[in-house]
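Numbered from 1 within each chain, the chains take letters A, B, ... in sequence-line order.
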Amino acid sequence: MYIVKVLVEHAIYKLDTTYDYLSKYQVLAGCRVHIRFGYQQLVGYVVECQETLFTQKQLEEKNGFKYSFIQDVIDQKPLLNQELQELANYLSKQTLSTRISCLQCMLPPQLKPSTNHSVGIKYQKVVSFVKDIPLKTTKQQEALNYIKEHDLLPIKDYPFSTALLNNIEKQGAIIYKQVEVYRNPYNEHLQQEDYPLTTSQQKVVNQILASFHQFKTFLLYGVTGSGKTEVYLHLSRFVIEQGKTVLMLVPEIALTPMMVSAFKSRFGKSVAILHSKLSAGERYDEYRRIIDDEVKIVVGARSAVFAPLENIGLIIMDEEHDASYKQESPPRYLTSQVARKRGAYHQCPVVLGSATPSLESYSRALKGAYELCILSQRVNQKPLPQIELIDMVEEMKAHHYEVLSRKMKAKIQETIDKNEQVILLLNKRGYSSYVRCLDCDEVLKCPHCDVSLTYHKDTHTMRCHYCDFQVPYQQKCSHCGSTNIKLIGSGTQKIEEYLQNNFINSRVIRYDVDSTRKKQGHHQLLKQFENQEANILIGTQMIAKGLDFENVTFVGVINADLSLNIPDFRANERTFQLLEQVSGRSGRGKKQGTVMIQTYNPDHFVLQCVKNHDYQSFYQKEMEMRKLAKYPPYCYLISILVQGKKEDDVTFCSQQIKEYLVKQLPKAIVLGPANCTIYKMNDIYRKRMTLKITNTTHVYEVLHAMSDYYNKKGRKVNVICDFNPYTTI
DNA sequence: AGCACGCCGACT
DNA sequence: GTCGGCGTGCTC
């Protein structure tokens, strides 16, 4: 008989221990099993299996609890190989998350140790009309009529509150249904030859290949348009020819279409694509192809770092500084850390590429922990685009109060008159429209979260971006009843309207979360823009990355300051990266590109560095500030979020935690507890502390103890630790 | 997490 | 008197 140690599927701290089951046959570690767990029927993950000579009865007497048998074994062979099993353990320790959550995030939906197999398949709640019945209020009747005309729309897209819909549902006039959200992966690709490399590209390739069979981290710092992709392709070609495999990581979706086609067109079927927008089925197919050894290159977003490739010869992380490489839900891992761990295991080079490296990486490169490779020129020898800062204070003085300055307006018209294209970046944070009453000054807020509701023109509703609460837009103040209401701020939708009204021959494409949600979203809109069906592309951060349109000669940034003023230690860095990246979209073809940036602080060093394309100065200045304020790369950060339903409990416990931390970690600096920017979210109060440490020795024990204590059921608050948080607000 | 058990308030 | 509210405890 065998004793099988099993982790159960629920990813909570309290259940992060193994439970012993019995089995007549041996079960390999890494297989899933069906088990009874109390009154529940669950899926478990086997971590160990030992033979025993005791009988069930003897064991029960010896250990004082009941044993039950495993019901059946789901997998014939382990889901993860040795390397990845060890990686899961490493990850759970590093990120203070449950072991099962690490295993879940490494596997595609169908293979996750979880009862609910639809996890990962994206479902959407839609409203379905049932019958006409007399309803209690005219409002409900109105809503029902609307639903009748727009049957089967996602619940979010109706201009009525969920409360109202729920009410109608209770009365039986409509029902909710779950519908799978499906997207097609990109497919049609022509076979293409590699381009010859420039001498500087070749130099970089040689530099990296010199340590082809050893673990070493390279930082490839190449200005926008310097042809990093071509370097990746050549490196990959070499590595596959040596019989090894390549792991290529890219930021979330925005960049994927172009990078994907670059790899697919060169390497065809031996490329597998992994990213979150694939349907569960597609993802599973790609995963199988990797396991079955049909694949030499995996291109994917963050979670692809766990791709079950064997014999990896090269790991590339493009746009290394990108925020999407940090997972913001458990396990809150840093992709670069996992990538380097795998690089060490496989003894292969890890290449981090960026035009605007993170300060952490660049300082490591300067210290020699990483090897620095530089591409300082654009491939076509074109100079980087000319950047002009436009002082919006001057505009105000000249009594010009429109969103676009006179200069930028003229430049846009000039560009589209020449049949060239324009990209406009709206730095969106805090820039969406909300409703304010001019009489009592009341702002319409979400009842569950501490944020104002945002106006959505298409559905004529006010929505919360955090909990999806929505109400129809009303010309009346909910507080004082006044009809003197004003919509404030300009989101992308409003700017889109402005552009259409103010420019002759403008054809505008809006590229933001709302417009890309539908169908093939991204791909389709970008295709339209590429085919010159539109001449102005307006969007938020999403447009800053990886887009490569030859005919774009002008890039405008509407408000550069908003992200500078966010009270986060990375605000400068992020602003620099964003502006530098978006500038790089201009003048990629044969024609010279220009950029205009509207700002209220034209003298700010970040903007000056952007203007001069001067990463070095930016790096120096920002490092000085980090050193003074003691922020990374001069220390490690750990963010501790305390949340609970009652405000008093949160206040009390966070103070208690602070005292504990100060006592246990005398060398650490503990900032806070402070209210989170969104103090109340989904009816839960949140406070945050930030821990600064220079040495990680005792930290894990201390934090584990704290997390064990608070993350039990029945505690008044719970605590989330985040090692190396990306943001501290 | 999910389920049972158990102890208190407002109802036929 | 009982139905059902959710606090507490347990699952190999």
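No donor-acceptor contact under 3.5 angstrom links the side chains of Tyr287(A) and Gln110(A), judged on distance only. Using a 3.5 Å distance cut-off with no hydrogens or angles, the side chains of Glu9(A) and Thr115(A) do pair a donor with an acceptor.
Atom CG in Asp20(A) sits roughly 18 Å away from atom P in dC10(C) (whole-Å rounding). Atom CD1 of Ile35(A) is separated from atom C1' of dC12(C) by 9 Å (rounded to the nearest Å). Following rounding to the nearest Å, Ile12(A) (CD1) and dC3(B) (P) show an atom-to-atom distance of 13 Å. Atom-to-atom, OH of Tyr19(A) to C1' of dG2(B) comes out at 13 Å; the value is rounded to the nearest Å. In this structure, the CG atom of Leu7(A) is 16 Å from the P atom of dA1(B), given to the nearest Å. The NZ-C1' distance, from Lys646(A) to dC6(C), rounds to 12 Å in whole Å. Atoms NZ (Lys14(A)) and C1' (dG9(C)) sit 7 Å apart, rounded to a whole Å. Atom CG in Asp16(A) sits about 13 Å away from atom P in dA1(B), given to the nearest Å.
Judged by centroid separation below 5.5 Å and plane tilt below 30°, Phe65(A) stacks onto the base of dC12(C).
Tyr21(A) comes within 4.0 angstrom of sugar-phosphate atoms only, judged by non-hydrogen atoms across all strands, and of no base. Looking at heavy-atom distances under 4.0 Å, Leu42(A) makes no contact with the nucleic acid at all.
Ionic pairing of Lys57(A) and Glu60(A) is not present here: no N-O contact between side-chain nitrogen and carboxylate oxygen is shorter than 4.0 angstrom.
Between the side chain of Glu9(A) and the base of dA1(B) there is no donor-acceptor pair of N/O atoms closer than 3.5 Å.
Closest to the side chain of Tyr39(A), out of dC12(C), dG2(B), dC3(B), is dC3(B).
For residues 44-95 of chain A, the set of pairs meeting the ring-ring contact (aromatic ring centres under 6.0 Å, His included) definition, not counting sequence neighbours, comprises Phe65(A)-Tyr67(A).
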